[in-house]
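Input: a single structure, listed below in structure tokens.
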Amino acid sequence: MAFPQSSRWFQEAQRVIPGGVNSPVRALKAVAAEPVFMARGDGPYLWDEDGNRYIDYVMSWGALILGHRAPAVMAALTETLADGTGFGTATRWEVELAQLVVEALPAVEQVRLVSSGTEATMSVLRLARAHTGRDGIVKFAGCYHGHADSLLAAAGSGVLTHGIPGTPGVPAAAARDTYVLPYNDLDAVEQLFRERGDSLAAVIVEPVAGNMGLVPPKPGFLAGLRDITRRHGALLIFDEVITGFRVGWSGAQGLYGIRPDLTCLGKVLGGGLPVGAYGGPAEIMGKIAPAGPVYQAGTLAGNPLAVRAGLAALNQLRAPGFYDNLAGAAARLAEGLRSALADAGVPHHVQQMGSMLTVFFTQEPVGNLADAQKADTEAYGVFFRAMLARGVYLPPSQFEAMFVSAAHDEAAIQATIAAAAQAAGDLRRWGENRG
Ligand code: PLP
């Protein structure tokens with residue numbers, strides 16, 4: 001497979017766009033490759049500027065649960081275009097989407113629409129701080145909640161130290177109120193709350209982590225967070241930007257039977273267009289302007305194209321058996337990948353939950369960021385490039401999850417497994433040469 005057009009566009013891109021991309025992971029640096037410039041998508045497939053076809057497991061970072069160009073979404077967009085692209089006013093479509101979210105998530109009585117997951121998490125922290133009158137935020141290492149300052153904190157030197165800025169440009173003060181603990185470690189949470197519970201506004205968590213590769217919560221972890229936060233008068237925030245409408249109609253909160261105080265949504269909610277949201281009980285959400293004093297706004301929030309695409313997509317997810325079918329396809333894929341790698345003698349551990357999965361190049365189960373970081377990221381890069389050469393577009397980092405969509409039919413799954421068997425051979429030879 002050759003990529004002359006991608007190479008040409010990457011040269012041009014680097015002149016006018018920092019690093020040539022509009023979001024860092026798209027640069028493919030983590031897999032020692034160059035960005036592939038995609039031109040179109042359909043069903044489970046992407047085509048690049050050179051006309052190469054790929055089976056896509058990035059799926060717009062999880063947004064495209066129905067695959068590319070899902071007919072229901074295309075029809076809604078076409079219909080919307082005839083009416084105009086946006087008015088900056090209230091529309092009935094926003095109400096319908098909000099009603100649908102409230103119906104799906106029992107913990108949500110009111111919801112505010114925004115344009116990205118980052119806006120949702122950033123705004124939800126402001127609300128949590130306003131509601132509790134406290135500043136401290138607890139997050140978990142390896143969970144990503146968008147790029148707001150206080151959420152880009154890195155763990156300090158000890159479990160109970162304050163966060164330190166995770167990137168230049170984040171003021172120390174913004175990170176100081178953020179505490180970063182290991183995922184799946186309730187003892188650490190318990191200890192932190194014992195020491196300074198009365199200064200902590202909220203715990204924010206990906207209820208199923210998708211940003212250190214796929215890492216499900218250990219039994220009791222989410223229930224423990226619910227219990228600890230309640231005892232200390234802090235809010236529990238589920239960041240369901242990935243898991244909302246992805247792991248089930250009622251998200252991870254439905255799957256695990258936990259009622260968070262506040263919920264963030266994004267990705268699937270917009271049917272592939274830019275939509276985020278945050279919601280919770282009317283008592284808390286009523287503090288958002290103009291109902292209350294906590295300011296938050298957006299020029300394009302509730303944009304009709306995005307909202308109607310989201311509505312059309314979500315309505316498809318109600319089909320009986322939708323989530324079981326999706327999980328079944330992902331389970332068959334996970335099993336096929338395990339066999340391919342095992343046959344080649346390549347150390348691996350494939351984690352799968354619902355339609356999300358990650359091939360970790362480590363033999364141990366991965367329960368937190370420290371475990372994930374034991375994975376051989378160079379091996380992942382070899383695997384990524386070997387799959388790319390065979391027409392499979394995997395997440396370009398060991399620490400991103402693969403997403404299976406409803407458009408991934410058996411032919412696509414079996415073709416992926418066949419490509420993986422060959423790629424596993426490449427990996428074995430690479431391992432032998434490495435010594
Ligand atoms: N929260 C989670 C769990 C995410 O995975 C992401 C993005 O990947 C975000 C928040 C931020 O969303 P966005 O990229 O739409 O700003």
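Order of listing sets the numbers, starting from 1, for every ligand and every atom in it.
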- request: For this output row, return yes or no: ring centroids of Phe193 and His232 closer than 6.0 angstrom.
  value: yes
field: Salt bridge flag under 4.0 Å for residues Glu190 and Arg231
entry: yes
message: Please determine whether side chain to side chain donor-acceptor pair (under 3.5 Å) holds for the pair Thr416 and Tyr57, giving the CA-CA distance in whole Å, both sets of side-chain angles, and the decisive distance to 0.1 Å.
response: CA-CA 10 Å; Thr416 307; Tyr57 289 98; 2.6 Å; yes
For atom 16 (O) of ligand 1, the protein heavy atom that lies nearest, with its residue and separation: Thr118 OG1, 2.6 Å
- request: Decide if the gap between the ring center of Phe221 and the ring center of Phe140 is smaller than 6.0 angstrom.
  value: yes
field: Sidechain N-carboxylate O distance under 4.0 Å for Arg332, Glu335
entry: no
- request: Using a 4.0 Å heavy-atom cut-off, say whether Val241 meets ligand 1 through its side chain, its backbone, both or neither.
  value: side chain
query: How does Trp61 reach ligand 1, if at all, at less than 4.0 Å between non-hydrogen atoms: by side chain, backbone, both, or neither?
result: neither
message: Polar contacts were defined as any N/O atom of the residue lying under 3.5 Å from an N/O atom of the ligand; does this apply to Asp239 and ligand 1?
response: yes
- prompt: Any N or O on His145 sitting closer than 3.5 Å to an N or O of ligand 1?
  reply: no
message: Under 4.0 Å from a heavy atom of Lys267: which atoms of ligand 1 are those, numbered in the order shown and with their elements?
response: 5 (O), 7 (C), 8 (O)
- prompt: Would you call the rings of Tyr54 and Phe3 parallel, tilted or perpendicular if under 30° counts as parallel and over 60° as perpendicular?
  reply: parallel
message: Can you confirm, on distance only, whether ligand 1 has an N/O atom lying under 3.5 Å from any N/O atom belonging to Gly146?
response: no
Polar contact flag for Glu206 and ligand 1 (N/O pairs, less than 3.5 Å): no
message: Suppose we measure from atom 2 (C) of ligand 1 to each protein heavy atom; which comes out shortest, and what is that distance?
response: Tyr144 O, 3.2 Å
field: Short N-O contact, Lys374 and Glu364, less than 4.0 angstrom
entry: no
- request: Report the part of Glu119 (side chain from C-beta onward, or backbone N, CA, C, O) that has a heavy atom under 4.0 Å from ligand 1; answer both or neither where that applies.
  value: neither
message: I want to check something: taking the side chain as every heavy atom from C-beta on, are Glu400 and Val25 in contact at a cut-off of under 4.5 Å?
response: yes
message: For atom 5 (O) of ligand 1, what's the nearest protein heavy-atom neighbour? Residue, atom name and distance, please.
response: Asn211 ND2, 2.9 Å
